[in-house]
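Here is the naming used below: chain letters follow the sequence lines, and residue numbers restart at 1 for every chain.
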Protein chains: 2
Amino acid sequence: MIEGRVRLSDVARIAGVSAATVSRVLHRPDMVSADVCERVNKIVEELGYIANPAAQALASARTNVIGILVPSLTNNVFADVLRGIYTIAQDSPYDVQFGNTRYSNLEEENLLRIFLNQKPAGLIIAGTDQSAASRAMLAQATCPIVQIMEIGEDPIDMMVGFSHVDGAYVATAHLVERGYRRIAFLGARMDPRTQRRLQGYTAALERAGVFDERLIVTTPRASTVTLGCELLCLLLEKDLAADAVFCNNDDLALGVLFECQRRRIPVPSRMGICGFNDLEMMAVANPSVTSVKTFRLEMGEEAIRILIDKIEGRPVPEGPIDLGFKLVARQSTQGLAR
Amino acid sequence: MIEGRVRLSDVARIAGVSAATVSRVLHRPDMVSADVCERVNKIVEELGYIANPAAQALASARTNVIGILVPSLTNNVFADVLRGIYTIAQDSPYDVQFGNTRYSNLEEENLLRIFLNQKPAGLIIAGTDQSAASRAMLAQATCPIVQIMEIGEDPIDMMVGFSHVDGAYVATAHLVERGYRRIAFLGARMDPRTQRRLQGYTAALERAGVFDERLIVTTPRASTVTLGCELLCLLLEKDLAADAVFCNNDDLALGVLFECQRRRIPVPSRMGICGFNDLEMMAVANPSVTSVKTFRLEMGEEAIRILIDKIEGRPVPEGPIDLGFKLVARQSTQGLAR
DNA sequence: TTGTAAGCGTTATCAG
DNA sequence: CTGATAACGCTTACAA
C-alpha cells in the first residue's frame, strides 16, 4: 500500500515505465504501444489513481472547468437550464462550476474575473446585457463562450436562446384574438428579459390599438406566487376594468389565478390569464393556465453541447441558435362571457 | 504592462521584495512590517493580481473549496438549502462546488472520490444514508464534514437537520385531531427522507387506531404537481373512502388540490389536504393548504456556518443541531362537513 | 522581518 | 514509442 495519495509516479514505478508514459496513456493512448497501455491502465485501476487537478492545471495551463454564470441558481427557469447543462456535462470530461451573479453586473464582473483567472475550458453566461467591463474581459478570453437565454445583437461568440419580445408579442396577441381588450401586464424583478417581454406586450397592444400604459403593474421584487396575488390586487385597486393579465412568468400567473378564485372572479369568462415559461403545473391547474412554453432544458443542453464541440475543435453552427417558443392555449384564456 | 497573466513574482519585482514576502502579505500580514504590507497591497491592487488557484492548491496541499453533495440541485427543497449555503459562502473566502448525486449512492461515491481528491477545506453532504464505501471515504477525510437535512444516528462529524419522522407524525396527528379518519399517504421518489415521513405517518395512524395500509400510494417517480393529480386519481380508484391525504411534499399537495377542484370534491369538507415543507405558494392557494414548515434556508446557512467555524478552528456546538419544523394549519384541513 | 530555495504532481519538449 | 528534464506559480521551512 502506498502511503497518502497515489501519484502518477507511483503508477509509473509499479508499471515499470516513466511518468511521462503514464501521462500519455491517460491522455494520448495512441502514442503508446498497446501492451504498455493496457498494463498501465490496469495499475491505474488497481491503485485507484485519480489525477491531481491542481497539478494538471498548473502544468498544462488549462483546466477542464466550464464556468456557468447565471443570475440565479434557484429560480425555476434557470434551474431547468442548469439541469440541461448538467445532464450533458455528466457524460463529458468537463466539470461545470456555477457562479451566481444575483442579477448584478458588478457581481458578474467579479465572478468573471475569478473564472477567467482559472483559464476555464469554456464559459456559459446568461443574457446579452453584460457591462462594458465584462464585455472587455470576455473579448480577451481565449476560451469559447456561449451566451444563453436570449437572442440578440452582436454575440460575443456563440449564442442560444429565443426572442422574449416575440414570445410576449404572441401571447398578448392571443389574448387580443380571444376578445380581451383591457389586458394588463404584471411584471416582477424587471431584469432585461422581463423588460423585453414588456416590449412585446406593448407592441402587440399598440398594434391592436388597445394599449393603456396604466395597465402595466411592475415591481423590482423577485417573482413568487404570493406576489402574483399582490400585483393583481394592486391592479384591481386601480379600477381600470382590466379583463385579462399577461404575466411575466408562471409564478405570478398562478398567484393571479388563486386571487381570482378568492375574489370569485370567474376565469376565463371575466378575467383571462396568460403566463410565461409553461411550468409543469400550468397544465394541471384548474382552470388550466395558458402560457408560453420555453425550451429551458434544451437551451442548457444545446449551449453546453456546442460549447464542448467548439472546445474540442469540432464544427459548430454559424450564428445564434434560436430555440423559439410555443404558445400553449388553455382554459384560462378561452374568452370573455358573451 | 506585463504580458499575459500577472504573477506573484511580478508583484514582488515591482514592489522590490521577494515573492515569499508578497505571499506573506496576502496570507499572514502580521508577519510583515506595516509599510511593506501597504506597499505590496497597493501594487497587488494596481496590477489586479489574482492568485493562480492551481498553484496555490499544489503548493499548499489544500484548497479553499467547500464541496456540497446533494441529490438534486433543482428540487425546491434543495434549491433553498443551496441558497442558504451560497448566501453565507459569498462573504467567506471559500468557494463552494456543487455535486449532484441524483439520488444514487453510486454517484455519491464517485463524486466523493473526486471531491476528496481535491483536498477540500470542508464538505457538506445530504442525508445520513451513505453507503459503506462512502462512509469509509468520509471517515478517512481530514476535513470537517456536515451532514444536512436529517437528524440521525452516529453522525460522521457535524449534523444539522430535523426529524422527518416527527414532522410527518405531527402532520398526521393534526389530521386525526381535525376529525379525518381515512387518511391516505401520497409519496413520490421514496428517498430515505420520504421513507421516514411514511414511518411518522404510520406511527400516528396506528396510535389513533385508524391505520390502513391500502391507503398508502407511492411511486418512485420524482414529485411534480401533475403527479399529485395522478396519485389522487389512483387513490380514488381504489374506492377506499379516503377523507384526507398527507402528501410527502407540497408539489403533490397542490396537485391534489387541483384534482379535487376538477372533480368537485370540496376541500376541506370532504377531503383534507396536508403537504410538507410549506412552500411559499401554499399560503396563497385557494383554499390555503396546511403544511409542515421546514427551515431549509436556515439549514443551509447553519451548515456552512459551523463548517467554516470548524475549518478555521473556532468552537462549534456539540452534537447534532436540530432545526425542528412547524405545523402550519390552514383552510385545507379545517375538518369534514358535519 | 525578510530572502533563499526546495518542493507540490503534472505536462511538454526534446532526445534517443 | 519511450524516457529525462525542465517548467507551471505558489507556499513554506530554513537561514540570515
- Write down the distance between CE (A/M31) and P (D/dG3), rounded to a whole number of angstrom. 12 Å

- Give the B/S/- string for nucleotides 7-16 of chain D, one per nucleotide from 5' to 3', where a protein heavy atom under 4.0 Å of the base yields B, of only the sugar-phosphate yields S, and otherwise -. -BBBBBB---

- Query: Does the side chain to side chain contact (heavy atoms under 4.5 Å, CB included) test come out yes or no for B/V81 and B/I68, once each step is laid out?
  - Reply: CA-CA 11 Å; B/V81 174; B/I68 318 281; over 6 Å; no

- Query: Above 12 or not: heavy atoms from other molecules or residues under 6.0 Å from CZ of A/R28?
  - Reply: no

- Task: Please examine the side chains of B/L112 and B/L123, heavy atoms only from C-beta on, and report whether any two atoms are closer than 4.5 Å.
- Result: yes

- If you measure from the Lys or Arg side-chain nitrogens to the Asp or Glu carboxylate oxygens, is any gap between A/K42 and A/E45 under 4.0 Å? no

- Note on the structure: Terminal axes of the helix from C/dT1-D/dA16 to C/dG16-D/dC1 (5 end pairs apiece), angle rounded to 10 degrees, sit apart by 30°

- Message: With a 6.0 Å cut-off (strictly less than), is the heavy-atom count around CD of A/E38, excluding the residue itself, greater than 12?
- Response: no

- Task: Report the relative orientation of the aromatic rings in B/F98 and B/Y86; use parallel for angles under 30°, tilted for 30 to 60°, perpendicular for over 60°.
- Result: parallel

- In whole angstrom, what separates B/N117's CG from C/dG9's P? 11 Å

- Task: Run the salt-bridge test on B/R193 and B/D191 with the 4.0 Å N-O cut-off and return the result as yes or no.
- Result: yes

- With a 4.5 Å heavy-atom cut-off, do B/N64 and B/Q56 have their side chains touching? no

